[in-house]
Each structure stands twice: as structure tokens, then as C-alpha cells.
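Reading through the C-alpha cells given below for one structure.
Numbers here are sequence positions counted from 1.
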Amino acid sequence: MSKNYVFHAGEATVLATEGQFTDAMPEILIGRTDGPVGQAFANMMAQSKGHTAMFAIRACNQMVRPVTITVPKVTLKDSANIELFGGVVQSATADAVLDCVIEGIIPRDVADELCIISLVWIDPRCAKAPNLDKNDMYRTNYEATKLAIKRALNNEPGFDELIANRHSIKHDMDDWS
């Protein structure tokens, strides 16, 4: 793992329980507050149009550290999706970040020098699903965020894995090769 923490990127996908639309696919940038990730973080705070960003908090007055901003990958157009983003997803992200510090994935001695940008996706069908399981939504976002942070800080997948899988793994949406 690089000790300079200038710029690390990671992603993960955790699939929902059968019948749910709560798949989580966060894309993470983590880096120093005085570096390019910190600059991007500050710029996102000033954004007034487009995708609304918010800090990852456990509860009011409990902002997680390293300071983390969650940003939806699509514009949230209704209060039901905004509620999911500002509730379940925000809480799952905050818990994942704090647990990464507790477990040493993010070293505690540098945690206040780092910031995280987490791009998150909410399937538009979630808010209208009659049997939406918010616990499953929490689970997928928590697990995927934690895994994405771990992968980011470990520079995973590595080149050897990428090269080995180049012709054996297909994109989940379709196979264009």
C-alpha cells in the first residue's frame, strides 16, 4: 500500500437479495485533503446544480472521519429516492468508513489527513418497490463501500489479475469483445 495517500481509486459491487433492487456499486476516491482528492472534494461542496452531495454522517452531529462526501451517480428527482440517499445509503457509507478505521484498513494516525469521495447509485426502482428491504440496501452499501475502500488503498485489482482475467471475464451488462 502506498504511504503517500495522494490518489487512490476503488470500486466494488455487492448484489441485492433476490427480488430487491438494492445492488450497491460505489466508486471511491480517497486521498490527502491537501492533494487532488481534497481539491475535488472542496469543489464538490461548492456545486449547486446537478447531483446533490452530502457528508456521510452516522447521525446529526456525528460526521464520520475521514471526512466523506457521498454523491449520487444520477440526479435524484423525487423525495423517496432523496430519503434513501440521505438515510440508508448515507448511514451505511458512514459505518463502512468508520469500521475501516477501526479495523486498520484506513490507518487511524492519518485518517484526519484524508478525505473520501463516494459515488453511489440507487436503482430508480428502489423507492417504488412495494417490498423494499432497507436492511438489504444498508447491507449492500455497507459491504460494497468497505470493499471499495480496501481495494482503493491496496491498489486492487493489480495488473497481474487484470492481465490474467483479460479474456476470461466479461462485462456484466453485455459482451462486446
- Note on the structure: Rounded to the nearest 0.5 angstrom, the CG-SG distance for Leu84 and Cys126 is 6.5 Å
- Task: Treating Ile, Leu, Val, Met, Phe, Trp and Tyr as nodes and any side-chain heavy-atom pair under 4.5 angstrom as an edge, say whether Val97 and Tyr5 lie in one connected cluster.
- Result: yes
- Query: Minimum heavy-atom separation for Met44 to Leu119, with atom names?
  - Reply: CE-CD2, 4.3 Å
- Student check: side-chain heavy atoms of Phe85 and Met54 closer than 4.5 Å: yes
- Query: Looking only at heavy atoms, which two atoms of Val37 and Ile117 are closest? And how far apart?
  - Reply: O-CD1, 4.0 Å
- Query: Do Thr17 and Arg139 come close enough that some side-chain heavy atom pair is under 4.5 Å?
  - Reply: yes
- Message: Taking the side chain as everything from C-beta on, heavy atoms only, tell me whether Ile28 gets closer than 4.5 Å to Glu11.
- Response: no
- Query: Does one hydrophobic cluster hold both Leu76 and Val88, with members joined at side-chain heavy-atom distances below 4.5 Å?
  - Reply: yes
- OG1/Thr33 to CZ/Phe41 distance, rounded to the nearest 0.5 angstrom? 9.5 Å
- Out of curiosity, does Val14 fall in the hydrophobic cluster containing Trp121 (side-chain heavy atoms, cut-off under 4.5 Å, transitive links)? no
- Given Asp133, Asn141, Asp136, the one that forms side chain to side chain donor-acceptor pair (under 3.5 Å) with Thr22: Asp136
- Task: With the side chain counted from C-beta on, respond yes when Val120 and Val71 share a heavy-atom pair under 4.5 Å apart, and no when they do not.
- Result: no
- Find out whether Lys73 and Glu27 are in side-chain contact, i.e. whether some heavy atom of one side chain is under 4.5 Å from a heavy atom of the other. yes
- Task: For atom CG of Asp78, decide whether the heavy atoms of other residues, nucleotides or ligands shown that lie under 6.0 angstrom number more than 12.
- Result: yes
- Item | Interatomic distance, Glu103 atom CD to Ile149 atom CD1 [nearest 0.5 angstrom] | 10.5 Å
- Student check: side-chain heavy atoms of Cys115 and Pro66 closer than 4.5 Å: no
- Task: List the atom of Pro124, the atom of Asn81, and the distance in Å for their closest heavy-atom pair.
- Result: O-ND2, 4.2 Å
- Query: Quick one: OG1 on Thr140 to CG on Asp123, what's the gap to the nearest 0.5 Å?
  - Reply: 10.5 Å
- Item | SB check Asp112 Arg65 (cutoff 4.0 Å) | yes
- Message: Between Lys150 and Glu156 (salt bridge meaning N to carboxylate O under 4.0 Å), is one present in this structure?
- Response: no
- Query: Tell me, do Leu29 and His8 make a side-chain contact under 4.5 Å, heavy atoms counted?
  - Reply: no
- Non-hydrogen side-chain atoms of Phe55 and Val67 separated by less than 4.5 Å: yes
